[in-house]
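The structure appears below as structure tokens.
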2 protein chains.
Amino acid sequence: MTKRQAPEERSWPPHGFPKAGPDLSDVPEVVVLRLPLYVRALAQLLHAGVNVISSQELGEMLQMTAAQIRKDLSYFGRFGKQGRGYNVQFLLQQLRSILGLERQWNVALIGVGRLGRSIIGYPGFAPEGFRIVAAFDSDPRQIGQVVGGVMVRPVSELEQAIAAQDISIAIVAVPASQAQQVLDLLVRAGVRAVLNYAPVAPQAPNGVKVRTLDPVLAMQTMTYYLYRSLTVHKEDTRKA
Amino acid sequence: MTKRQAPEERSWPPHGFPKAGPDLSDVPEVVVLRLPLYVRALAQLLHAGVNVISSQELGEMLQMTAAQIRKDLSYFGRFGKQGRGYNVQFLLQQLRSILGLERQWNVALIGVGRLGRSIIGYPGFAPEGFRIVAAFDSDPRQIGQVVGGVMVRPVSELEQAIAAQDISIAIVAVPASQAQQVLDLLVRAGVRAVLNYAPVAPQAPNGVKVRTLDPVLAMQTMTYYLYRSLTVHKEDTRKA
DNA sequence: AGCTGTGAAGTATTTCACAGCT
DNA sequence: AGCTGTGAAATACTTCACAGCT
């Protein structure tokens with residue numbers, strides 16, 4: 001049973017917003033979007049020396065209901081012990097395994113301008129197993145430069161490099177005007193997961209996941225609420 | 001009628017995941033999360049010289065159903081003309097007004113390390129009306145430096161500056177370990193919208209919107225699907 | 001003829017609430 | 001006594017489908 005797509009973001013999402021492609025299993029996508037939150041919280045708990053945690057306590061940490069956590073986990077197995085709770089280390093390991101986080105993922109970066117350079121310098125990816133192993137740009141002045149330990153290559157070499165270097169994820173950091181064509185190229189090259197920093201809603205075929213991170217969009221969803229609370233709002237938005 | 005919170009953020013959004021605080025109106029939060037997508041698409045259309053668009057066409061652009069767009073818009077008013085569609089310029093202006101995008105918003109940045117500097121240098125905020133007018137750091141070596149035209153001040157001055165400079169939004173770009181305490185400080189100072197770049201799920205009181213942008217989280221939601229499609233998956237995840 | 005705006009129907013997601021294990 | 005796992009109930013969200021305007 002495939003499911004219908006919702007738009008966005010969630011980027012905050014909700015991130016991946018809009019999204020494309022049917023689910024590959026019967027696990028609701030919202031559930032998958034939450035799993036990394038559990039992983040992050042459990043890693044913290046493990047680090048803090050906590051051995052066992054209940055869905056109640058985890059829910060307080062993450063500001064969600066205990067029932068939701070239990071239900072989410074139940075899509076994948078039975079990881080808890082009744083009367084006790086969840087073993088932090090065990091649950092963490094299980095979730096990491098479910099999410100495919102126990103391996104390294106090779107990543108290509110397209111666009112090494114200001115934004116791309118800051119992404120390649122971001123220290124958060126490597127410890128989580130995401131290794132940027134190739135960088136591309138269409139600007140001839142960038143080609144041949146070494147950025148973050150990776151030599152920048154022309155986009156024309158992209159397809160070949162994706163295959164040769166076993167790259168399954170791409171990060172798009174090109175101007176909005178080029179994002180769609182870069183995405184098309186990536187899809188043709190066989191990439192099926194794209195983290196998009198360009199402020200566009202790119203079209204991707206089924207089976208290709210795109211998550212767009214757009215800080216401006218995130219801001220704009222907050223101003224709505226700021227604005228409301230400034231002037232106490234009475235419905236009167238319709239035109240005359 | 002206030003509503004229940006879903007997690008994120010989505011950021012991932014989509015986006016702010018998990019989020020806090022009840023809705024200030026009866027408009028579903030998912031709808032608010034989509035409005036900026038409409039704004040972005042309409043701005044593109046306007047730029048391209050399109051005068052009128054149907055929900056059908058807009059839906060194709062954004063990969064969503066025409067009905068959803070019409071329903072979303074109907075929460076705020078009647079902006080279209082039967083038989084014709086929506087006037088692009090008019091609808092854009094209406095949505096910008098609803099989202100509070102017709103004014104400038106003063107923004108404070110907390111944390112001017114590598115990430116913070118890249119945020120302050122991001123050229124996407126200013127054209128959308130978000131102006132970073134103050135920057136703070138707890139590192140004495142950063143104090144007094146001028147970054148992106150703004151002088152870095154000690155965090156101790158934050159509360160005073162928020163009030164004095166009419167700042168309603170903050171961007172948190174401090175290490176994860178400090179994010180919660182910075183957020184608490186911001187809330188005490190009266191900030192009610194926070195764009196959080198730290199990889200944590202911070203707790204915020206009702207009425208304070210937090211959107212977390214976490215590229216690692218976004219990546220981790222995609223590996224799930226990559227992983228599934230590598231080995232054709234038969235349900236067998238439960239422990240022995 | 002074409003398209004909006006919207007109740008009603010259909011899905012999806014969340015929460016309840018409790019049997020059953022420790 | 002405490003907590004999980006899960007059907008069933010409740011709620012939220014999306015899509016249908018059509019009256020009504022242009």
Side-chain angles (χ1 to χ4, degrees), chain A residues 1-8 10 13-14 17-19 22-23 25-35 38 51-60 62-88 90-91 94 237-239, chain B residues 1-8 10 14 17-19 22-23 25-34 38 51-60 62-88 90-91 94 237-239:
Chain A
M1 185 210 291
T2 53
K3 305 209 324 314
R4 167 89 23 198
Q5 303 305 315
E8 162 322 2
R10 319 61 105 354
F17 213 60
K19 55 202 188 208
D23 287 356
S25 66
D26 51 0
V27 178
E29 173 137 17
V30 269
V31 173
V32 175
L33 290 174
R34 281 191 294 261
L35 295 185
Y38 301 152
N51 289 313
V52 172
I53 191 157
S54 66
S55 57
Q56 180 65 50
E57 294 167 304
L58 192 55
E60 277 155 26
L62 293 171
Q63 310 232 103
M64 51 203 293
T65 67
Q68 180 161 70
I69 292 172
R70 294 201 303 275
K71 180 66 102 178
D72 282 358
L73 297 178
S74 76
Y75 283 101
F76 303 99
R78 278 158 288 141
F79 305 118
K81 284 212 198 333
Q82 284 150 325
R84 296 217 156 281
Y86 300 90
N87 178 295
V88 172
F90 174 72
L91 181 57
Q94 292 294 303
T237 331
R238 33 216 70 194
K239 80 172 164 160
Chain B
M1 185 209 290
T2 54
K3 305 209 325 310
R4 167 85 27 193
Q5 301 307 313
E8 159 163 12
R10 295 265 116 187
F17 213 59
K19 55 200 186 208
D23 286 355
S25 66
D26 52 0
V27 179
E29 174 138 15
V30 271
V31 173
V32 175
L33 291 174
R34 281 191 292 262
Y38 302 152
N51 289 315
V52 173
I53 192 157
S54 66
S55 57
Q56 181 64 50
E57 295 167 304
L58 193 55
E60 276 154 27
L62 292 171
Q63 310 232 105
M64 51 203 295
T65 65
Q68 180 160 72
I69 292 172
R70 293 201 305 275
K71 180 65 101 176
D72 282 358
L73 297 178
S74 77
Y75 283 101
F76 304 99
R78 278 157 289 145
F79 305 118
K81 284 214 198 333
Q82 286 151 324
R84 297 219 156 277
Y86 300 90
N87 178 293
V88 171
F90 175 71
L91 181 56
Q94 291 294 304
T237 331
R238 32 215 70 192
K239 79 172 166 164

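Each chain gets a letter, A, B and so on, in the order the sequences are listed, and its residues count up from 1. Worth saying up front: this structure is predicted, and the values here are computed from it rather than measured. The basis for the numbers below is simple: all heavy atoms, side chains too, and nothing from hydrogens, waters or symmetry mates.
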Discussion item. Taking the axis from the first five pairs and the axis from the last five, what angle separates them in the helix from C:dA1-D:dT22 to C:dT22-D:dA1, rounded to 10 degrees?
Written reply: 0°
Worksheet item: Could you give the CD-to-P distance, from A:Gln68 to D:dT11, as a whole number of Å?
Response: 16 Å
Item to complete: Compare side-chain N and O positions of B:Tyr75 against OP1 and OP2 of D:dT14 and report whether any pair is under 4.0 Å apart.
Response: no
Using a cut-off of under 3.5 Å, enumerate the N/O to N/O pairs linking the protein to nucleotides 7-10 of chain C.
unit_1	atom_1	unit_2	atom_2	d
C:dG7	N7	B:Lys71	NZ	3.2

Worksheet item: Separation of B:Met64 atom CE from D:dC13 atom C1', in whole Å?
Response: 12 Å
Item to complete: To the nearest Å, give me how far apart NZ (B:Lys81) and P (C:dG5) are.
Response: 10 Å
Fill in: Residue met sooner reading DNA chain D from 5', once A:Gly85 and A:Asp72 are mapped to nucleotides
A:Gly85
Item to complete: Using a 4.5 Å cut-off on heavy atoms from C-beta on, say whether the side chain of A:Ser74 contacts that of A:Phe79.
Response: no
Discussion item. Can you list everything that forms a side-chain hydrogen bond (donor to acceptor under 3.5 Å, both in side chains) with A:Gln56? Sequence neighbours excluded, please.
Written reply: A:Glu60
Worksheet entry | Criterion side chain to side chain donor-acceptor pair (under 3.5 Å) on A:Ser54 and A:Glu57, from CA distance to verdict | CA-CA 5 Å; A:Ser54 66; A:Glu57 294 167 304; 3.1 Å; yes
Worksheet item: Nearest of D:dG5, C:dT4, D:dT15 to any side-chain atom of B:Thr65?
Response: D:dT15
Practice prompt. Measure the distance from CZ on B:Arg84 to P on C:dA1 and round it to the nearest whole Å.
Written response: 15 Å
Worksheet item: Would you call A:Val52 and A:Val88 a side-chain contact if the rule is heavy atoms closer than 4.5 Å?
Response: no
Item to complete: Only one of B:Leu58, B:Leu91, B:Asn51 passes side-chain contact (heavy atoms from CB on, under 4.5 Å) with B:Tyr86; say which it is.
Response: B:Leu91
Discussion item. I'd like to know if A:Arg70 reaches the base of D:dG5 with its side chain such that a donor and an acceptor end up less than 3.5 angstrom apart.
Written reply: yes
Worksheet item: Does the side chain of B:Phe76 reach to within under 4.5 Å of the side chain of B:Val27, using non-hydrogen atoms?
Response: yes
Worksheet item: Side chain of B:Ala67: nearest nucleotide among D:dG5, D:dT15, D:dC3?
Response: D:dT15
Fill in: Sequence-distant partners of B:Asp72, side-chain hydrogen bond (donor to acceptor under 3.5 Å, both in side chains), two or more places apart
B:Arg34, B:Tyr38
Worksheet item: Can you check the B:Leu33 CG to D:dA12 C1' distance for me, whole Å?
Response: 14 Å
Practice prompt. Let me know the distance between CZ of B:Arg34 and P of D:dA12, rounded to the nearest Å.
Written response: 15 Å
Response to the item:
Whole-Å distance, A:Leu73 CG to D:dT4 P, equals 10 Å
Worksheet item: Looking at CD of B:Gln68 and CG of B:Leu62, how far apart are the two atoms once the value is rounded to the nearest 0.5 Å?
Response: 10.0 Å
Discussion item. Could you tell me if the side chain of B:Lys81 sits less than 4.5 Å from the side chain of B:Asn87, heavy atoms only?
Written reply: no
Item to complete: Report the distance from atom CD of A:Gln94 to atom C1' of D:dG5, rounded to the nearest whole Å.
Response: 16 Å
Worksheet entry | Given C:dT13, D:dC13, C:dT6, the nucleotide with the shortest approach to the side chain of A:Pro28 | C:dT13
Response to the item:
Picking from D:dT14, D:dG5, C:dT6, the nucleotide nearest the side-chain atoms of B:Val30 would be D:dT14
Worksheet item: Counting side-chain heavy atoms from C-beta on, which of D:dG5, C:dT6, C:dT4 comes nearest to A:Arg78?
Response: D:dG5
Atom pairs, N/O to N/O, protein against nucleotides 19-21 of chain D, distance under 3.5 Å?
unit_1	atom_1	unit_2	atom_2	d
D:dG20	N2	B:Gln82	NE2	3.3
D:dC21	O4'	B:Gln82	OE1	2.7

